S.K.: 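Below is the structure I would like to discuss, written out as structure tokens.
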Amino acid sequence: PNPGPQGPLFFLSKQVTEDHADPETMLLSFLREKLRLTGTKYGCGGGGCGACTVMVSRYQPANKTIIHYSANACLLPLCQLHGAAVTTVEGIGSTKTRIHPVQERIAKAHGSQCGFCTPGMVMSMYTLLRNKPQPNMEDVTQALAGNLCRCTGYRPIVDGCRTFCQETNCCRASGAGNCCLNREERTDGPEDEKPKLFDKEGFLPLDPTQELIFPPELILMAETAGPRTLTFQGERMTWVSPASLQELVQMKSSNPKAPLVLGNTNIGPDIKFKGVLHPLIISPTRIAELFEVTHTLNGVWVGAGFSLSEVRSLLEKLVPQFPEEKTELFKALIQQLRNLGSEQIRNVASLGGNVMSAYPNSDLNPVLAAANCKVSVISNGGRREVPLNQDFFVSFGKTVLKPEEILLSVFIPFSRKGEIVRAFRQAPRKESSFATVTAGMRVVFSEGSRVVQDASIYYGGMGPTTVGAPKTCAAIITRPWDDETLSQAYDVLLDELALPPSAPGGQVEFRRSLTLSFLFKFNLEVLQKLREMNVITNELPEKMQIQPLPKEIQHSLQEFQHVSKDQSSQDPVGRPIMHRSAISQATGEAVYCDDIPKTDRELFLVLVTSSRANAKITGLDVSEALQLPGVVDVITAGDIPGKTVRTFSGYDEELLADSQVSCVGQMVCAVVADSRVHARRAASAVKIGYEDLPDSLFTVEEATEKSSYFEPRRTIERGNVAEAFKSVDQVYEGEIRLGGQEHFYMETQSMLVVPVGEEAEFNVYISTQWPTSVQDAVAETLGIPSNRVTCHVKRIGGAFGGKVTKTTILACITSVAAWKTNRAVRCVLERGEDMLITGGRHPVLGKYKVGFMNDGKIVAADIQYYLNSGNTVDDSVVVAEKILLHMDNVYNIPNLRGYAAACRTHLPSNTAFRGFGVPQCLMVVENMVNDVAMALGRPADQVIFHLVKPYVRELNMYKGPSVTHYKLEFSPENMLRCWEECKLKSDYGARCRAVDLFNQQSRWKKRGISIIPIKYGIAFSESFLNQGAALVHIYRDGSVLVSHGGTEMGQGLHTKMQQVASRELHIPHSKIHISETSTNTVPNASMSAASFGTDANGMAVKNACETLYQRLEPLRQKNPGGTWESWVKAAYFEKISLSATGFYRGPDLYMDWDKMKGQPYAYFTFGACCSEVELDCLTGDYRTVRTDIVVDIGKSVNPSADIGQIEGAFMQGLGLYTLEELKFSPSGLLYTRGPSQYKIPAICDMPLRFNVHLLSDSNNPHAIYSSKGIGEPVLFLGSSVFFAIKDAVAAARSESGLVGPFPLRSPATAEKAFLACASPFTHKVIILKYWCSDSKYRGKH
């Protein structure tokens, strides 16, 4: 192979040469657009989600080895891949050849729902197995830590990957008598054996000898190619890879501003997200001196070019080679490297890049600085060594090195006798997250003494640079390490590391408190070490000792019922059938909207959005944009030929703002160009003039003060609340504030509008939950009949309510561009754009006044809900109504009043989100009940106190024939069964006692436990939406094509419809195919939402199949011994129609708000959940130790799909209530616009034991095959983790003498939990804050 002078060479099962690689082209876009390998997905573009994971392999001539590592294709420059072999998901297996065991096991273990994340998961696991064919569970969780999934809750992915492991962490192996696998008696009879979700016995074995070999051509090239400079010239940027150190030094000397790029994890995101442009980039990947390890008597010099993974591997190999006292620093660095970024990031990010980026919250720099490390640098002036200390970091992102100097290596010294080094970090998520505060601490003791000889303490996240604490160290050095010394050190540290209230990054109290917490943790570790060194003899009380939070993922239970013995083996209903597309999703063959090949002359559309929250548009200048390369047109409101608005709840929402904007992120115009890159550049060149308007409103309080609401506001009341308050023993008033939530579907908003070319016909390929709405809207926007617009939905890469209203508006804008240019137009939002434009779950402020008796009986409650709707109404009024309809949850409160207001603000409009207001509603109610229990509790007896909460809940539950506050009769029997079974399955009583014992024995870690119930109404309260339709064709060969009005977004709807058709037609489900959802096969369909998809579409498919089966009845009677195929063929020759439509007219539901009466739901889904957490009171970090969920879903159509929905919804709820935090600037700009700022749950957040039990012997006459809707209800049960955290916080507060109800906002992030614990360190910070607010003190300082 002889690549051109500028062409990198790499392989994807075949040789690929690219002679004109643009330095700005990343591997991801090259794979997807040039090679048409679309299995690798775009999820975020910033290396934060793992959807684009590939395996990179390289040959190392120095030691003649081949290395394999996972990497994010979105951050991997094409220019960097010279001589590398790249393996994508398509390369390891396909349905056309042979699937790989990783693909098979993730699919068959039900680890693929929407499937958009699956190729990335597959490639992360595949890379691990290439390096370690028999991994352990820690290897698996580390490998998958950088891969996000929004659907599954991770448990099935972990279970699929666990089958490759040598099991060591089963409780049986750890000596537990009551094994998780046989908690209940088992008999030998097959009928008594519990059914399993999958059988691992039939899996393909993993055979490492069958893997793809590294291309021999690349080995030959690496061995024989002489050193030569590689240069790649792009449109705006030049990329040079020098061949020698001398050449690199000369080049850097001539171009001191040119950045050195190895991993592109720092420069890449800056170019992409901040618009930074570097005319020249130098890539020193082939400079041997950057990859050398030199051992000395005092330590080791590590080349700056080594990746962080390689540095960790090197240190792990060195640790056992030296005495323990010499490896203190090595172990501290290993600890930080385990959690710094994800595996994919660590595999490419370099040690030198990490040091030189000089991030304020660096994980490594504080440790390196504390340990007296130094760096070796080179320039034209020669080499020199520079100490890595406080003077090294001069300002944000700047070091003391001269621009022309190159970092060659980092010296990591051995520790010496009496030296203790530790590292600390706290981050918004335990893994794959930038740290909030980090620390490196070192102390040296005189031999055999507790007198401090030397000390150094450095922090990250406490200023614009890594900062030292020399005054604190001075207060420690020469003094004995004891309480008196440390007490003084805390005060000095607090004074030394001051953060102003307006410090960038916020969280000032939290960050300042963490500095003290870390020093205290260091103190405890030092005391333990001094004891081991026999310097001190007095025992540290067990209560004061600190162990890491547990992290081993245990086996989980998934309990469901066997199908009836009488059921035909061919009938798949009730069986755990794999998602029908799971294999295709795991091989990358599944086609999503943006995987559709480009059509001839296709254009790409990028939106231009408002940068002001409340302003008049004074000018729109598109002249510069139109002059840029590739730009075809700019679409404005004036270009819309038909209707320019969409109407929701009586309010008009503009498609494109014309004269005024009402939020940051409102769409103003759109640029269409010949490529994504050109369209994005042009969009940034559009200039909008503004005139700010007064009275911008961002909070519900501001909106309420100005009476800014979307009408109608709703009120509902049962009984006489005002009178009832007069007769109660106690009255308590409280409130809780819930933050919003981003949908974070893995596939961003995507659509392609193609003009057919005649009679104003358009094909719309789109990722939407409601194709009919898109069809209607596009037709109205273009001023054409709906019959000219066909909307196609193959599958959706996650939606959760976020692909309905805003998707429709985006489709309208895209269709205008297609209409105006008469060319196909594609629009795929970047993750940041998507988060900015599309809104999310409504933030809610809930206020309540509750009257109760001393025995815990709640007599009266008055609850007010204020929703932050944003700038347009969207679904807000309907969400507010649903909130009021669920405000009783499971409680029969005789006097209950609710008020809900949708507040109009100048934030991006919020919209539908899984649960549709119920998760916010019930959180307020359960917090109220929790406060009643805490007000009645007896903290002196913690066991009784724990049992008060479920007692108060039980006391107030509906019992017997019941009536809701809107006068709907129902039976709570199954709700009570779920509650009792949850207590039984979770062993609630015994675990409460265990939690209390744990808390008595531990001061700085606390456990909390909580059990939460739910009653959730299923179906649309707007009656017309409760309908379903289907079209079923039988072809002459006996194969069946089913079409229905629902969309497949990971919930398994198509799979269930296949099961329904299989049962009704009495044929194997393998004969049935579902291609897509389209408006030309099933018209006027309702949206796939409200957990009603299976109910509506299942009945419609059943109806169509019954019709067809009845038509074939005469032929079956004529030929009873015939086959399905023979009956079908005979029907064709007898001119019997083999096509039928099916229709389901759902229940006539209604709600009369004037009479406060109605039947808005067809039935209720019930459930209960018990969760236990362990909380680190010194950082706010927590682990969900165990979760047990019991849900009544009637008779499950597909247990694997339903359990998957339960687990996924629970994890999404866990994110809502404990992790996911949207942050806005004072001017209304969303800060959290991607996975680096906005943290959804990752594998590290799943419960260590995650048990799901489907309630047995349950029937539901209101839905197909006695099943129940399950997509939404369980999300609220994630609040059990919030209340368990609150329980643990209460235990921590009791140590400080604080008892009774206390506020805790949702999400209960580490910051909020930590501050609520009210530790002595937090107290110090708060006292100082109030002292500093004194005007005299401010004057002095």
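This structure is a prediction, so every number in the text was calculated from the model and none was measured.
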S.K.: Could you go step by step and tell me if Thr1184 and Thr1187 meet the side-chain hydrogen bond (donor to acceptor under 3.5 Å, both in side chains) rule?
M.R.: CA-CA 7 Å; Thr1184 308; Thr1187 289; 5.5 Å; no
S.K.: I'd like to know if the side chain of Arg429 and the backbone of Ser432 have a donor-acceptor N/O pair within less than 3.5 Å.
M.R.: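 Yes, the answer is positive, given that a donor and an acceptor are paired below the 3.5 Å cut-off.
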S.K.: Show the numbers, then the answer: is there a side-chain hydrogen bond (donor to acceptor under 3.5 Å, both in side chains) between Arg346 and Gln142?
M.R.: CA-CA 11 Å; Arg346 292 192 295 269; Gln142 283 270 314; 3.3 Å; yes
S.K.: For Gly50, is there any backbone N or O sitting under 3.5 Å from a side-chain donor or acceptor partner on Asn147?
M.R.: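 Judged by distance alone, yes, a pair lies under 3.5 Å.
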S.K.: On a heavy-atom basis, which atom in Leu1178 and which in Phe1321 lie closest, and how many Å separate them?
M.R.: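 Scanning both residues completely, I find the closest heavy atoms to be CD2-CE1, 3.7 Å.
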S.K.: Considering only NZ, NE, NH1 and NH2 on the basic side and carboxylate oxygens on the acidic side, decide whether Asp495 and Lys471 come within less than 4.0 Å.
M.R.: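 No.
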S.K.: Would you check if the side chain of Asn361 reaches a backbone N or O of Val437 as a donor-acceptor pair within less than 3.5 Å?
M.R.: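 The answer is no, because no donor-acceptor pair under 3.5 Å joins these two groups.
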S.K.: What do you reckon, is CD of Gln321 surrounded by more than 12 foreign heavy atoms closer than 6.0 Å?
M.R.: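 Result for CD/Gln321: enclosed.
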S.K.: Would you sort out whether Phe414 and Phe330 count as a ring-ring contact (aromatic ring centres under 6.0 Å, His included), showing the intermediate values?
M.R.: CA-CA 8 Å; Phe414 292 127; Phe330 292 2; 5.7 Å; yes
S.K.: Within the distance-only criterion (no hydrogens, no angle test), does the side chain of Asp139 pair as donor or acceptor with the backbone N or O of Asn136 below 3.5 angstrom?
M.R.: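 Yes, the answer is positive, given that a donor and an acceptor are paired below the 3.5 Å cut-off.
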S.K.: Is a salt bridge present between Glu324 and Lys529, judged by a nitrogen-to-oxygen distance below 4.0 Å?
M.R.: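 Salt bridge flag = yes for Lys529 with Glu324.
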S.K.: Please enumerate all residues that pass side chain to side chain contact (heavy atoms under 4.5 Å, CB included) together with Thr1179, with sequence neighbours excluded.
M.R.: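 Once residues adjacent in sequence are excluded, the partners of Thr1179 under the side chain to side chain contact (heavy atoms under 4.5 Å, CB included) criterion are Gln426, Leu514, Phe518, Lys521, Asp1176, Asp1181.
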S.K.: Under the side-chain hydrogen bond (donor to acceptor under 3.5 Å, both in side chains) criterion, do Tyr359 and Asn354 qualify, and how do the steps go?
M.R.: CA-CA 8 Å; Tyr359 275 141; Asn354 195 273; over 6 Å; no
S.K.: Exactly one of Thr472, Val467, Val443 should register a side chain to side chain contact (heavy atoms under 4.5 Å, CB included) with Ile457. Which one does?
M.R.: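 Only one option passes, and that is Thr472.
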S.K.: Ignoring hydrogens, what is the shortest heavy-atom contact between Pro1241 and Leu148? Give both atom names and the distance.
M.R.: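 Looking at all heavy atoms of both residues, the shortest contact is O-CD2, 4.2 Å.
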